[in-house]
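Protein chains get the first letters and strands the later ones, always in sequence-line order, with residue 1 at the start of each.
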2 protein chains.
Amino acid sequence: MSELSTERRPRADAERNRARVIEAARTLFGERGDEVQMPEIARAAGVGVGTVYRHFPDRQALVEAAAEHRFAEIERYARTRCLGGDSGLARYLRYVGRMLSRDRGLSSAIETSRGSTGSEPRGEARARLETVVAQVIARDIEAGTLRPDCTVGDVYLIVGCLSSVVRTGSGDWRRFLDLALDGLRPRQIPR
Amino acid sequence: MSELSTERRPRADAERNRARVIEAARTLFGERGDEVQMPEIARAAGVGVGTVYRHFPDRQALVEAAAEHRFAEIERYARTRCLGGDSGLARYLRYVGRMLSRDRGLSSAIETSRGSTGSEPRGEARARLETVVAQVIARDIEAGTLRPDCTVGDVYLIVGCLSSVVRTGSGDWRRFLDLALDGLRPRQIPR
DNA sequence: ACCTGAACACCGTTCAAGT
DNA sequence: ACCTGAACACCGTTCAAGT
């Protein structure tokens, strides 16, 4: 009857192993993106493959877990540096572009988390991020630098494309952002 | 000394097999995109896997060959229907979007042909297409509906993103195009 | 010359055995 | 409870044998 929570205190070595796996995954995915293999991560973490799978149901889950801290960083940046001026969204998107260029694993996480039904929370850092992005959008619209019909969905659309451009190296992502941002500006003097 | 050309006349059955492989690949890639497997294509074509590899060096080459006729179709559409009015590029991009929605294999071909060095011809249909796209751009710029600094590279950038949006189903590709096209319009009354 | 398909290589994932 | 790593499943690609 003292079983109020389903949570179990994990064994100390289990917790340490989990941390090591995440650490190794961050480094390797960050450097080489999606091509890194599971046995290599296990080796770098100093554990067996089975241990990796004990902590993460599949490869995809590990990719997401390894990228989670980036979403937290991005959320923090958006909250502290994109709510002050009148073109916060531009600042935000350029920051995301730089992040994607530096951390190739972030790109994989964003790309693959989209094929899903679309409505799964996928980590609380992302949920928080969505809230802040909505605030950035509202602020820019009020400042008159953003078209009034712009939604969070539009920003996701653009982030996804940005990720695709960076990942494939098919062009200059800064140029893409310039075009996209122009597309998001309000029509000046419509008549 | 009568060997003026390196070309050899292929045996009749070889040519027939090649055609069958392409036909099977078009159908299957078109329906289910990148997930279709080589043995399945071989079976559908009524040949052994080895025969597929005799005609196409690897999977990627087959994907490209199967999509080649789409590039020809798109080039024809661009040439006949996008050089008349004053917003040919918008017509063009919407047509590409519809094609990508219908033929899932085209998406794979576009996606994967980008990671490369960037400067390989990759089939003559694509080379011809590039020429026509340049003409569409020039015409729209002259008509004043397109920003004067728009390049073929910009259009490729947008087609790549369009492909990514359609493939991942991460959002409404028509909405994305509306935004991108707005970004490509000339700034009205800049001062 | 070209075809066939069993065999190989590779990588994600599982599970029997160990502590 | 958790860990290990050999074994399995799967799929792209090769190649010895056949016509």
Worksheet item: Residues from residues 36-46 of chain B sitting under 4.0 Å of DNA chain D, heavy atoms only?
Response: Q37(B), M38(B), P39(B)
Worksheet item: Does R91(B) use its side chain to pair, donor to acceptor, with the backbone of C82(B) at less than 3.5 Å?
Response: no
Worksheet entry | Salt-bridge contact R174(B)-D172(B) (side-chain N to carboxylate O under 4.0 Å) | no
Worksheet item: Which of residues 14-24 of chain B have a heavy atom under 4.0 Å from DNA chain C?
Response: A14(B), N17(B)
Worksheet item: For the atom pair CZ (R175(B)) and CG (L157(A)), what is the distance rounded to the nearest 0.5 Å?
Response: 8.5 Å
Worksheet item: Taking 4.0 angstrom as the limit, do E68(A) and R26(A) come out as a salt bridge?
Response: no
Worksheet item: Should V132(A) and Y92(A) count as side-chain neighbours, where that means a heavy-atom distance under 4.5 Å?
Response: no
Item to complete: Decide whether T145(B) and S87(B) meet the rule of one side-chain donor and one side-chain acceptor closer than 3.5 Å.
Response: no
Worksheet item: Can you list, by residue number, the residues of residues 52-59 of chain B that have a non-hydrogen atom closer than 4.0 angstrom to DNA chain C?
Response: R54(B), H55(B)
Worksheet entry | Cationic N near anionic O, under 4.0 Å, E31(A) to R104(A) | no
Discussion item. Taking E124(B) first and then R128(B), would you say they form a salt bridge - that is, a charged N and a carboxylate O separated by under 4.0 Å?
Written reply: yes
Item to complete: Indicate if V63(B) and V166(B) have the same hydrophobic cluster label, given that clusters are the connected sets of ILVMFWY residues with side-chain heavy-atom separations under 4.5 angstrom.
Response: no
Worksheet item: CH2/W173(B) to OG/S101(B) distance, rounded to the nearest 0.5 angstrom?
Response: 5.0 Å
Item to complete: For DNA chain D, write out the stems as range with range, using runs of 3 or more consecutive Watson-Crick or G-U pairs with both distances under 3.5 Å.
Response: C:4-8 with D:12-16, C:12-16 with D:4-8
Worksheet entry | Closest-nucleotide ordering on DNA chain D, the 5'-leading residue of T51(B) and V49(A) | V49(A)
Worksheet item: Among L162(A), L89(A), L181(A), whose side-chain contact (heavy atoms from CB on, under 4.5 Å) with R94(A) holds?
Response: L181(A)
Item to complete: Taking only Lys NZ, Arg NE, NH1 and NH2, and the carboxylate oxygens of Asp or Glu, determine whether R18(B) and E15(B) approach each other closer than 4.0 Å.
Response: no
Worksheet item: Quick one: how far along DNA chain C does chain B reach, first to last nucleotide 5' to 3', anything under 4.0 Å to a heavy atom?
Response: dA1(C) to dA6(C)
Worksheet item: Salt bridge check: are D154(B) and R147(B) linked by an N-O gap of less than 4.0 Å?
Response: no
Discussion item. According to a hydrophobic-cluster definition based on side-chain heavy atoms being under 4.5 Å apart (Ile, Leu, Val, Met, Phe, Trp, Tyr only), do F176(B) and I110(B) belong together?
Written reply: yes
What donor-acceptor contacts under 3.5 angstrom involve side-chain atoms of residues 33-49 of chain B, with partners at least two apart or in another chain?
| unit_1 | atom_1 | unit_2 | atom_2 | d |
| --- | --- | --- | --- | --- |
| D34(B) | OD1 | R59(B) | NH2 | 2.8 |
| E40(B) | OE1 | R32(B) | NH2 | 3.0 |
| E40(B) | OE2 | R32(B) | NH1 | 3.0 |
| E40(B) | OE2 | R32(B) | NH2 | 3.4 |

